J.: 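So that we are looking at the same thing, I have put the structure below in structure tokens.
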Amino acid sequence: EDQVTQSPEALRLQEGESSSLNCSYTVSGLRGLFWYRQDPGKGPEFLFTLYSAGEEKEKERLKATLTKKESFLHITAPKPEDSATYLCAVQGYGGATNKLIFGTGTLLAVQP
Amino acid sequence: GAGVSQSPSNKVTEKGKDVELRCDPISGHTALYWYRQSLGQGLEFLIYFQGNSAPDKSGLPSDRFSAERTGGSVSTLTIQRTQQEDSAVYLCASSLEYSGRVFETQYFGPGTRLLVL
């Protein structure tokens, strides 16, 4: 069964203090791994898609990396506006579906 | 351009009543998905539409839940005889049609917050 586990559940950083969020996954053939950001009371906002091990993508202070078993979301010199819940999801092969399997997210708080 | 829209944004209902939730996907997106997000839990897949057909309904939790899509656009999720455990945020997403190795990104709407009293 496809599964996604995110850690830590919550993370508090000081402004400028870099860190990483982890997403471990098991899937029967990875089609894609997705990172989303979700602000309170809103729907998830797309950040990145990674397709194969070794791939990296960057956007502003965020960088996502992928291995065969996990993905990391690195946050460099975060700002308070980076505070949000970060969601990881995988899309696997199998069946006539494009559904995403989500982890429970990491709640990030960046203190000024 | 316009993103995915959902209505209503909030819905409060009494146990046993039926509710309808609406999703307007991004124009041109042929794939549409419904997910549910309960407090403290991850997003849970409910149903996937490709055009007007639903190749994957495996996430619908019971026969009280149904969904339809008409004209390859708007979708309605209906919950009959609502129960308190149905309280959650219902999220809709849409994507371009799957093509080759490009697995199209799903873009989410703001969600409908359902509270069953």
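Bear in mind the structure is a predicted one, so any value in this text is a computation, not a measurement. Every chain is numbered from 1, with letters handed out A, B, ... down the list of sequences.
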J.: Are B/Y33 and B/Y90 connected in the hydrophobic side-chain network, where two residues link if heavy atoms are under 4.5 Å apart?
T.: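 In one cluster: no.
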J.: How far does NZ of A/K99 sit from CD1 of B/I47, to the nearest 0.5 angstrom?
T.: 12.0 Å
J.: Given heavy-atom pairs under 4.5 angstrom as the criterion, report whether the side chain, backbone, both or neither of B/S58 touches chain A.
T.: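 When you check distances to chain A, only side chain atoms of B/S58 fall under 4.5 Å.
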J.: Would you mind checking which part of A/E9 comes under 4.5 Å of any heavy atom in chain B, side chain (CB onward), backbone (N, CA, C, O), both or neither?
T.: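 For A/E9, neither part sits under 4.5 Å from chain B.
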J.: Non-hydrogen atoms of chain B under 4.5 Å away: do they reach the side chain of A/K42, the backbone, both or neither?
T.: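 For A/K42, backbone heavy atoms alone lie under 4.5 Å from chain B.
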J.: If you group Ile, Leu, Val, Met, Phe, Trp and Tyr by side-chain heavy-atom gaps below 4.5 Å, do B/W34 and B/V89 land in one group?
T.: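 No; B/V89 is not reachable from B/W34 via cluster members.
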J.: Any idea which of A/G103, A/G105, A/P44 has the most non-hydrogen atom pairs under 4.5 angstrom with chain B?
T.: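 Heavy-atom pairs under 4.5 Å are most numerous for A/P44.
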J.: A/I101 versus chain B, heavy atoms under 4.5 Å apart: side chain, backbone, both or neither?
T.: neither
J.: Quick check: are there more than 12 heavy atoms from other residues, nucleotides or ligands sitting under 6.0 Å from CD of A/E81?
T.: yes
J.: Might you point out which heavy atoms bring B/Q106 and A/Y36 nearest each other, and give the distance in Å?
T.: O-OH, 2.6 Å
J.: State plainly whether one hydrophobic cluster holds both A/L13 and A/Y86, where clusters connect Ile, Leu, Val, Met, Phe, Trp and Tyr through side-chain heavy atoms under 4.5 angstrom apart.
T.: yes
J.: Run the side-chain contact (heavy atoms from CB on, under 4.5 Å) test on A/L100 and B/Y35 for me, step by step, so that the C-alpha distance in whole Å, both residues' side-chain angles and the decisive distance to 0.1 Å come before the verdict.
T.: CA-CA 9 Å; A/L100 295 176; B/Y35 293 85; 3.4 Å; yes
J.: With clusters defined by side-chain heavy atoms of hydrophobic residues (ILVMFWY) lying less than 4.5 Å apart, directly or transitively, does B/L32 cluster with B/L60?
T.: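 Both belong to a single hydrophobic cluster.
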J.: Return yes when atom CZ of A/R12 has more than 12 non-hydrogen atoms of other residues, nucleotides or ligands closer than 6.0 Å, and no otherwise.
T.: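 Not buried by this count: 12 neighbours or fewer within 6.0 Å.
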J.: Is B/L91 close to chain A through its backbone or its side chain, or both, or neither, when contacts mean heavy atoms under 4.5 Å?
T.: side chain
J.: Take a 6.0 Å sphere around CG of B/L39 and say whether it holds more than 12 heavy atoms from other residues, nucleotides or ligands.
T.: no
J.: Rounded to the nearest 0.5 Å, how far apart are OG1 of B/T105 and CD of A/Q91?
T.: 9.0 Å
J.: Is B/Q37 close to chain A through its backbone or its side chain, or both, or neither, when contacts mean heavy atoms under 4.5 Å?
T.: side chain
J.: Side-chain heavy atoms nearer than 4.5 Å, only ILVMFWY residues, links allowed to pass through others: does that put A/V27 and A/V4 together?
T.: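 The answer is yes; both residues are in one hydrophobic cluster.
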